[in-house]
Structure formats: structure tokens, C-alpha cells
K.L.:
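Here's a structure for you.
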Amino acid sequence: MGEEPSSWEMLAAMAVAVVFRACVGLHGYSGEGAPPMYGDFEAQRHWMEVTVNLPPSGWYVHSADNDMQYWGLDYPPLSAHFSWLVGQSARLFSHPQLVELHRSRGIETMATRAFMRNSVIVSDVVFFFPVALLCARACSRGRHRQLGFLVQLLGLPAFMLIDHGHFQYNCVSLGLTLWAMYFCLIGWPVAASVAFSLALNFKQMSLYLAPGLFCYLLAGCLRAATFRARAANVAKLGTAVIATFVVCWLPFLGDMSSMLTVLRRVFPIERHLFEDKVANIWCTLSLLPGLKLKTMMPIPSLVRMTLLATLGAILPPCALLLRRPSRLGFVLCTTACGLAFFLCSYQVHEKHILLPLLPASLLASRHPLLFCWLSTAASFSLFPLLKRDGQALPYFLLQLSYLWAGFQLQRELDGRSIYKEWTLLGRCGLVTSLAAMLALHLAEATLPPPERYPDLHAVAFAAWACAHFVCAYFGILYCQWRVSLVEQSHTPFDASDKGAHSLFWWDTHAKVH
Amino acid sequence: MGTASAHLQLLAGSALKLLLLPAYHSTDFEVHRHWMALTSSLPLSHWYTDTTSEWTLDYPPFFAYFERCLALLAPLFDAEMLTLSPTPYASPPTVLYQRLTVIFADIALLVGASRLASGTSLRLTVLNAGLLLVDHVHFQYNGLLVGLLLLVLAKLRRGEGGGEVCAAAIFASLLQLKHLFLFAAPLVFVQLLRHHVMRAPRPALALRRLAGLGAVVVGVFGASLAPFAAVGQLPQLARRLFPFGRGLMHAYWAANAYALYATADKAMAAAGRATGAWSVAAGQAVGTAGLVLPDIRAPHCAFLVLLLQAPVLVGTWRRPRPEAIAPAAVYCGLAAFLCGYHVHEKAILPPLLVLSAISPPADPTARGVHARLLLLLSTAGHYALLPLLHQPAEYTLSRALLLAYFAAAWAALTPPSLRWHDRLYLAGFVPLELFVSFVHPLLLSPRLPFLPLLATSLYCSLGVHMSMLLAYRLWAHSSNSANRQED
């Protein structure tokens with residue numbers, strides 16, 4: 001049991017992951033055949049068109065060639081550079097019509113679709129797969145466990161369905177974030193800062209996970225013996241971060257106004273508290289009679305309120321981590337911060353649930369079923385969106401397979417009896433939760449919503465998922481507290497103490513739950 | 001492999017088949033739709049004469065009955081699919097229904113394979129990448145047919161009297177489903193005759209057994225053909241089943257001996273005339289009348305196949321070991337693939353699937369041969385299928401699927417004792433793929449349009465030829481080792 005999985009097994013698992021991504025890509029995507037605005041697929045394609053044809057100074061500015069009302073670029077510069085790269089490769093691989101200025105709008109030929117889908121798969125394989133493999137090797141021991149963990153990481157339905165179904169390039173920012181976390185865990189703080197700065201510059205939503213990384217790195221800096229060493233550590237990390245940012249922002253550093261333009265595009269306060277039906281507390285609270293937050297308060301006070309709530313929610317995990325930094329504590333804190341942002345912050349999209357899911361996935365080797373539960377709830381919260389995209393069939397297939405895989409892996413971990421370590425409460429909770437999800441799906445499929453509440457189903461999905469995320473937040477906070485009592489201390493500045501493959505085997509120590 | 005990962009793989013396979021619903025389907029989809037419409041809306045006497053669509057019925061009667069049965073449930077999805085029409089019809093419910101019939105028909109494969117194989121071999125058989133591509137993307141019912149073949153081989157391998165009669169009945173039915181499986185008929189015949197009939201202790205019993213087998217086969221064939229004989233359709237049926245006018249080779253050359261033969265022929269013609277003989281036909285050849293080398297016709301092919309199969313048939317005659325039946329079937333299948341008349345690239349699937357259902361032998365030499373054979377044949381055979389899926393949407397899917405299968409097979413056979421030339425050959429697929437998918441379309445196209453297909457056929461053909469030799473060695477090993485055990 002103790003031997004390493006052969007690299008061929010790992011290769012096979014990764015190739016199967018690619019097969020599933022390609023299969024999901026055969027189904028619909030956001031805004032397929034829906035002029036005039038289409039959807040995220042067209043947005044990504046449009047950015048390729050804009051970046052390839054215009055100089056960087058024109059990327060974020062409204063002009064005759066760049067209509068900001070039509071999917072204006074609203075991601076940070078690294079995203080734009082990335083779009084440029086994909087656009088150029090479209091030209092290289094003989095699809096110039098995909099990025100032709102103006103005339104390419106809404107282009108959906110078979111060849112260009114395939115190119116776009118393939119570009120996401122390649123990004124996934126380049127940015128996410130290698131680090132997933134490294135994490136699998138480092139996070140768990142024994143060949144079944146490593147293979148199982150890799151399957152859990154690469155098979156995450158939410159990641160697959162949003163990137164390869166709905167159509168986005170989250171794999172890049174999530175991959176970079178995972179690289180940053182991996183570097184933190186093996187004790188390469190500078191590399192971690194660079195990787196996370198790149199992630200931030202790819203998608204500003206990576207900020208959700210920033211407090212965890214920040215506190216872990218800061219704790220490391222502050223633990224140095226002398227003031228001089230502390231200052232040196234801070235300076236090292238600061239330089240790395242600033243240098244990375246400078247490189248990403250290079251084309252916009254010329255004058256202040258263009259920087260501000262980009263910033264305003266990236267953080268659009270004028271958009272509202274939440275869009276569609278999001279499984280966070282504001283959307284759920286709006287269900288209560290007389291709590292229509294969107295209309296009750298002016299925007300500035302809404303922003304202030306969400307800011308305070310978010311700060312309040314990330315404070316406990318960050319304080320715990322700063323007080324007693326450890327590897328497991330770091331992963332838990334990052335997850336808690338991600339959930340806190342998702343639940344409480346301003347302008348949250350339903351897709352942002354991917355962010356807390358990423359650090360949580362590192363816990364899957366220890367608790368396959370528990371993580372699987374969280375993943376199921378996350379995908380469940382995405383269902384209304386996925387259904388619109390024509391991804392209902394892949395959703396159900398992946399969701400069921402993943403859940404089943406979670407049970408199997410848990411059984412393999414525990415021997416014959418699953419739930420060995422689960423309390424009665426946990427078991428009842430799991431059964432209730434899954435049964436309610438099933439019931440909501442059945443209701444959605446069979447009962448039309450009443451005329452007064454056309455969004456009833458979407459709201460019900462969001463509220464039920466929100467309940468899970470709130471529980472997950474408090475559960476993780478509790479675990480972090482328990483961990484802070486037992487786990488041995490570690491910061492990114494501590495050189496890895498054991499061999500390269502025994503960095504953070506949580507299955508050997510740290511009895512959580 | 002733990003049981004969890006075993007289940008996980010089978011589950012992933014089933015999920016994958018459903019995920020492939022919207023994938024590209026070839027004209028074979030319309031072929032089967034048309035046959036459903038044909039068999040459900042016309043009387044039996046018109047099945048083999050109707051020419052409403054260009055996709056006339058050219059499978060034996062049992063398959064026509066099968067389509068007739070499928071047509072029974074079709075109205076639940078879309079009754080329109082049962083309307084005879086010369087134009088293709090593929091509404092979403094039609095696609096759903098037909099894809100589901102393939103998925104359900106795969107149960108036969110699961111049953112057949114689980115009788116013959118277990119563990120990793122079972123998974124390598126049921127989740128064969130080529131089968132997924134051909135059945136669940138391209139659209140055919142190979143899973144059902146090969147499943148029956150595996151069932152026949154499993155019953156023959158057990159070597160029990162009743163089972164052998166049953167095998168004869170199933171094999172006769174299989175022939176009446178698709179006559180491609182004639183390639184195994186000599187082998188099955190020899191095996192039944194020698195092991196079932198002639199090993200009987202008394203001549204009277206042998207005669208009784210022979211009569212029993214004859215009755216079973218005649219019964220099955222009668223059930224299949226009698227209704228057509230009654231309406232005087234047999235000659236027409238035979239014309240449809242054996243259309244010898246179609247030429248030695250399919251439009252896309254299967255990776256067999258004739259790919260080498262025709263290339264040599266064209267090369268010699270081109271060298272001889274130093275003119276554009278290449279541009280006429282190669283790669284996309286329609287007629288393949290030899291330009292320089294002699295023309296090959298159907299009887300020659302039949303003779304060549306029997307000649308190639310002869311060593312194994314004679315060996316089986318002398319030592320009819322039940323244990324050696326599966327390797328013998330692999331060899332006979334490869335012989336038919338290499339030298340058969342108008343062979344499709346898909347015909348590699350029966351020998352390949354039988355091979356993957358053979359679990360690794362215990363003897364180290366045989367084990368090495370088995371590993372080499374499985375890796376070479378699956379890679380060459382699978383890669384030669386890729387030109388079937390020429391749409392851009394399935395590019396990544398098909399390549400990743402092949403890679404996954406290769407890696408899984410490699411991991412299952414660890415350590416596969418490959419020779420240097422095996423490794424070299426397998427590595428050669430990387431430059432081949434780069435050339436076919438990138439170098440040619442980006443740099444050379446539209447010049448030399450036939451080159452990618454030609455290169456694929458030739459290179460894969462090389463691997464199939466090597467596999468043929470290895471298959472013989474595998475059979476010889478299992479035949480001899482069985483012999484030794486008995487001594």
C-alpha cells in the first residue's frame with residue numbers, strides 16, 4: 001500500500017481529466033447562439049480581438065474600435081496579456097477570423113469553438129495540472145491515496161463546469177493561487193509572493209484568498225529572531241510583489257490617468273450588491289420580508305456595510321493564523337477567508353465559490369467525503385447558471401460521479417465502514433443535505449414556479465447552498481481553533497524539515513473533527 | 001488497484017458515454033436510423049431491395065431484426081425517426097435514443113468480457129478507447145457484437161460439452177448479425193470439431209455431437225434466413241452482403257498489408273512514369289486496380305487470409321486446447337484484417353478487444369510477448385481510427401482518450417518488457433501526430449493533401465504487422481504451455 005503510484009497511473013488520470021474536460025466542452029457554453037450580447041464565451045473572445053488589434057493603451061479605454069458597453073475588459077492587466085497571447089496563437093493556428101476587428105463579433109464556427117475550448121484545456125494543463133500533481137504527491141501518502149486525491153482535485157465538477165462548460169479561464173488564476181499555496185507550504189516565500197501576485201493580476205477575485213496568504217507570510221516574517229531579519233524578510237517579499245506588479249502593469253505605468261482607468265474598470269463599484277441569485281448572506285437575507293437590501297440603502301452605505309461584515313468575518317481566522325501559524329492552519333484560514341468574502345462581500349458572482357473551494361480541496365486527502373460534500377454544495381449553487389448554458393447533463397453526471405467517488409475514497413480510507421469518524425450529527429446532516437438537494441432538483445424539473453415569483457427555484461437553490469457555506473465557514477473556523485492547539489508550528493520561512501515527499505501529510509497527524 | 005478505483009473507472013466510463021451525446025456522429029448514425037425506419041415501415045420482402053436512401057441494408061438478417069426491435073421503442077422519443085426518407089434525420093431526441101441504444105447494447109460487452117477477463121483486463125476491454133470512439137462518437141454497435149464474440153470464446157475456453165454447443169449457437173447468431181465475424185469461423189469450426197466432436201469416447205457419441213452442432217447451426221441460420229428464402233430474397237440478400245464491386249480498399253486505407261502494397265504500387269508507377277500518378281488516387285484512393293503490381297481480387301484475399309490462418313488452424317487441429325482459443329482468435333482476426341477484402345479500419349476492434357480481454361499470462365516470456373503485443377496493437381490500431389473523427393471539436397478528446405488508454409495499459413502491464421525497437425516505434429507516434437495535426441495543415445496544406453492519411457496508414461500498418469508476429473508467438477506459447485501442463 002505504501003508504494004508510490006507509477007507515473008503512468010498519474011498520467012492516465014490526468015489524460016482522463018482532459019477527456020472529461022473535452023467532453024464537457026462538447027455541450028453548451030455561456031451565451032451560445034444568443035445575440036446581441038452573447039455571454040462569457042464571447043466576452044473572452046472579444047478581449048482577444050481587442051488586445052490583438054489595439055495597443056495596450058486602448059485596451060481599457062472606450063473608443064471607436066473598443067466599445068466598452070460590449071464586454072469591455074474588466075479584468076486586471078495579466079488577463080489582458082493572456083488574452084493577447086491566446087489571440088496571437090489563434091492567428092498562428094490559422095484562425096485569424098476569430099480575432100478580426102469588428103467583423104469577428106459573435107463568431108461561432110465549429111473550428112473557432114474548438115480553438116477556444118482547446119485554449120482553456122491547454123491553460124488548465126499548463127497552469128493547474130502540474131501543481132495539482134505536486135500537491136497530490138505532497139499531501140497524501142500511498143498510491144491509492146495520491147491517485148484518489150489527484151482525481152478529487154482534477155475532477156472537481158465546479159472547476160470543470162465553469163471553465164470548460166460555461167467558459168472562463170479560472171484555471172489560470174486558480175492554478176497560480178495553488179502554486180502560491182504550494183510554495184508557502186514547502187517554504188519558498190518569495191516564489192509564493194510572485195505566484196500570488198500573478199494570480200491577483202489575472203483575476204482580482206483572487207483577493208478573496210489574499211488574507212490567508214498574507215497572514216501566513218506575515219507570520220513568517222515576524223517570527224524571525226531580530227528586527228533586522230524581520231525587516232529583511234518583509235523587504236524581500238515586498239520587492240517580489242512590487243516587481244511582479246510592475247511587470248504586469250508595465251504598459252499602463254506611463255501616466256496616472258490610464259492606471260486609474262484600469263482600476264476603475266477592475267473594481268466597478270457602480271455594479272450592485274450581487275448579481276443574479278448568489279448563495280451569499282445578502283441574497284439570502286433579501287428573502288426575508290422587508291429586507292430588500294438592494295433598494296433599502298444607497299450604494300455607499302451598502303459598500304460600508306459589506307466591508308465591515310467581511311472584515312468581521314475574516315478577522316478570527318486571520319488572528320488565529322497569526323497567533324499560531326501552521327500548515328494546516330494556513331489552508332483552513334485561506335478557506336475560511338474565501339468563504340467569508342463569498343458570503344459577505346460586495347458584488348459577488350455565483351462563480352466566485354470556486355475560490356474558497358480551491359484551498360479546501362487540499363483537505364480532501366484527509367477528508368474525501370467532507371470535501372466532496374462541500375464541492376457538491378458549490379456545484380449545486382451553480383446549477384441555475386449551468387442550466388442556462390446547456391450544461392445540465394454534464395452537471396448531473398459529474399455531480400453524481402464525484403459524490404460516488406467521494407464515498408468510495410472515504411470507504412477506502414476507513415476500511416469497510418464509512419463515517420467511522422463522523423458524529424451522528426454529521427451523518428444526519430449529510431443525508432438531509434443531499435436529500436434536500438435532490439428534492440429541489442426534482443421540484444425544479446417538474447413544478448413550474450408561481451407567476452409572482454419566477455425566480456423561486458433559483459432563490460431556493462441559492463439559499464440552501466448558502467446554508468451549507470455558512471456552516472462550512474463556522475466548521476472550518478472551529479477546526480482551525482482545534483488545529484491551533486495541536487498542530488506543530490510552521491511558517492513559509494521554515495525550510496522543509498522532511499524529505500520532499502513528506503511535506504504535509506495531514507493524514508499522519510492532526511486529528512481534526 | 002483497489003476495488004474503489006476499479007469501480008471508479010467503470011463508473012467514469014459510463015458517465016463518459018453519456019457525456020458524448022452531443023459529439024460528432026458519422027453517416028453511420030443515419031445508416032442505423034434509416035435501417036430502423038426501413039425495417040419498421042416496409043415488409044420483410046422489401047428490406048434488401050429498397051433503395052430510398054443510399055444507405056441500403058447490407059448486414060445479415062439478425063441485425064435487421066435487431067433494428068426492427070429498436071424501432072419498437074423509438075416512438076417514445078420521436079416517431080419521426082421511423083419515416084423512410086432519402087435525407088438524413090437527426091433531431092435531438094433521435095440522437096438521444098440512438099446513443100442510448102448503443103450504451104445499453106454495451107451490456108453485452110460487459111457480460112462477454114466479464115466471462116473472459118477480470119480485473120485490469122476487464123477494464124481495458126470494456127473501456128477500450130477505440131471502442132468508445134467508434135461506438136459512442138462515430139456510431140456503431142461493435143460493443144454488442146464483440147461482446148457476443150467474447151462470450152463464444154469464453155464458452156470455448158471452458159471446454160465443456162454443453163457450453164460448446166451454446167458457443168456454436170451464439171457464434172452462428174453472431175454471423176447472422178454481422179458477417180465480418182466470418183474471420184473466426186474456420187477457427188471455431190476446427191475447435192468445435194476437434195475438441196467437442198472428435199474427442200468423444202465413442203464414434204456413435206461423436207456422430208451424435210456432430211449432428212447436434214449441425215442442428216443448432218442450421219436452426220439459427222434457418223431462423224435468420226428462412227423468412228427471406230420464403231419470399232425468394234436470398235440471391236438479393238447475398239448480393240447486398242457481399243458487394244465485391246467495392247474494391248480492395250476502403251477510401252481511407254486501413255492499416256493492413258494492402259496499404260503497403262498499394263503504396264509500393266503507386267511509388268513504382270510514379271517512378272516509372274515520373275508523372276503525377278500520386279495525385280490521382282493515393283490516400284483517397286477510390287479504385288485500387290494495380291498500376292504496376294498485379295490486381296488483387298476477392299478470391300485472392302480469401303485465399304491469403306486462409307493461408308495466413310493456416311498455421312494456427314493446423315495447430316488447433318493437432319492440439320485443440322481450450323486455453324489457447326483466445327490468442328488463436330486474436331491471430332485469426334489480425335490475419336483477416338491484414339489481408340481481407342475491403343477492410344475497414346474499424347475491423348481492428350474485434351482482435352484488439354479479444355486481446356485486451358486476455359489476462360497477462362503467468363509465464364514470464366509469454367507475459368512479455370503479451371505486454372508488447374497489447375501496447376503495440378492498441379496504439380497502432382487506435383491511432384489508425386483517428387481519421388474517422390475529422391471534426392475539430394473531437395480533436396483533443398480523441399487524443400487524450402488514446403493517451404489515457406495507453407498510459408493505463410502501460411501501468412497495468414508494469415513493467416512492460418519492451419524491446420528497443422518497440423519503444424522506437426511507439427515514440428514515433430509523437431512526430432507522426434505532430435506532422436499530421438500541425439506541420440502538414442499549418443505549413444504544407446493545401447499541397448500533398450493525401451500525405452497525412454497515407455503516413456497514418458503506413459505507420460500503423462507497420463505496427464499491425466509486428467503485432468501479427470507477436471500474436472503468433474503468444475498463441476504458440478499458450479498452446480505449448482497448455483500442452484506441457486497436460487503432459
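It should be emphasised that the depicted structure is a prediction, and the values quoted were computed from it without experimental measurement. Sequence lines set the chain letters: A, B, ... in the order given, protein chains first and strands last, and positions in each chain run from 1.
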K.L.:
Are the side chain of A/S375 and the backbone of A/F371 linked by a donor-acceptor contact shorter than 3.5 Å?
P.N.:
no
K.L.:
Taking side-chain hydrogen bond (donor to acceptor under 3.5 Å, both in side chains) as the criterion, tell me which of B/T101, B/D135, B/D106 meets it with B/Y141.
P.N.:
B/T101
K.L.:
Got a sec, which residues hit salt bridge (charged side-chain N to carboxylate O under 4.0 Å, His left out) with B/R33, two or more places apart in sequence or on another chain?
P.N.:
B/E30
K.L.:
Does A/Q152 use its side chain to pair, donor to acceptor, with the backbone of A/P368 at less than 3.5 Å?
P.N.:
yes
K.L.:
Taking non-hydrogen atoms and a cut-off under 4.5 angstrom, which of residues 385-395 of chain A neighbour chain B?
P.N.:
A/L393, A/P394
K.L.:
Checking A/V151 against chain B: side chain, backbone, both or neither under 4.5 Å from a heavy atom?
P.N.:
side chain
K.L.:
Search all heavy atoms of A/V125 against all heavy atoms of A/P130 and return the closest pair with its distance.
P.N.:
O-CD, 3.1 Å
K.L.:
Under the 3.5 angstrom rule, does the side chain of A/R45 hit a backbone N or O of A/L98 as a donor-acceptor pair?
P.N.:
yes
K.L.:
Does any backbone or side-chain atom of B/L442 lie under 4.5 Å from a heavy atom of chain A? Answer side chain, backbone, both or neither.
P.N.:
side chain
K.L.:
So, do B/R399 and B/L386 sit near enough that their side-chain heavy atoms are less than 4.5 Å apart?
P.N.:
yes
K.L.:
Do side-chain atoms of B/E345 reach the backbone of B/L385 as a donor and acceptor pair under 3.5 angstrom?
P.N.:
no
K.L.:
Treating A/H166 as the side-chain partner and A/S30 as the backbone partner, does any N or O pair qualify as donor plus acceptor under 3.5 Å?
P.N.:
no
K.L.:
Name the member of B/L401, B/L16, B/L21 that forms the most heavy-atom pairs with chain A at distances under 4.5 Å.
P.N.:
B/L16
K.L.:
Ignoring hydrogens and angles, tell me if any N or O in the side chain of A/S123 forms a donor-acceptor pair with the backbone of A/S119 under 3.5 Å.
P.N.:
yes
K.L.:
Applying a criterion of heavy atom separation less than 4.5 Å, what residues of residues 88-95 of chain A form contacts with chain B?
P.N.:
A/L92, A/F93, A/S94
K.L.:
Sub-4.5 Å heavy-atom contacts with chain A: which residues of residues 421-436 of chain B show up?
P.N.:
none
K.L.:
Could you tell me which portion of B/Y24 (side chain, backbone, both or neither) has an atom closer than 4.5 angstrom to a non-hydrogen atom of chain A?
P.N.:
neither
K.L.:
Among A/M14, A/R113, A/R21, A/H27, single out the residue with the greatest number of heavy-atom pairs under 4.5 Å to chain B.
P.N.:
A/H27
K.L.:
Is any side-chain heavy atom of A/F159 closer than 4.5 Å to one of A/D124?
P.N.:
no
K.L.:
Side chain of A/D163, backbone of A/C171: donor and acceptor closer than 3.5 Å?
P.N.:
yes
K.L.:
Given the side-chain rings of B/H382 and B/F406, with only the six-membered ring counted for Trp, is the space between their centroids under 6.0 Å?
P.N.:
no
K.L.:
May I ask you to check whether B/Y395 and A/F115 place their ring centers less than 6.0 Å from one another?
P.N.:
no
K.L.:
Within the side chain of A/T109, is there an N or O that forms a donor-acceptor pair under 3.5 Å with the backbone of A/T112?
P.N.:
yes
K.L.:
Could you look at A/I121 and say if it's the side chain, the backbone, both or neither that has a heavy atom under 4.5 Å from chain B?
P.N.:
side chain
K.L.:
So that I know where these two stand, are A/F129 and A/F127 an aromatic pair - ring centroids less than 6.0 Å apart?
P.N.:
no
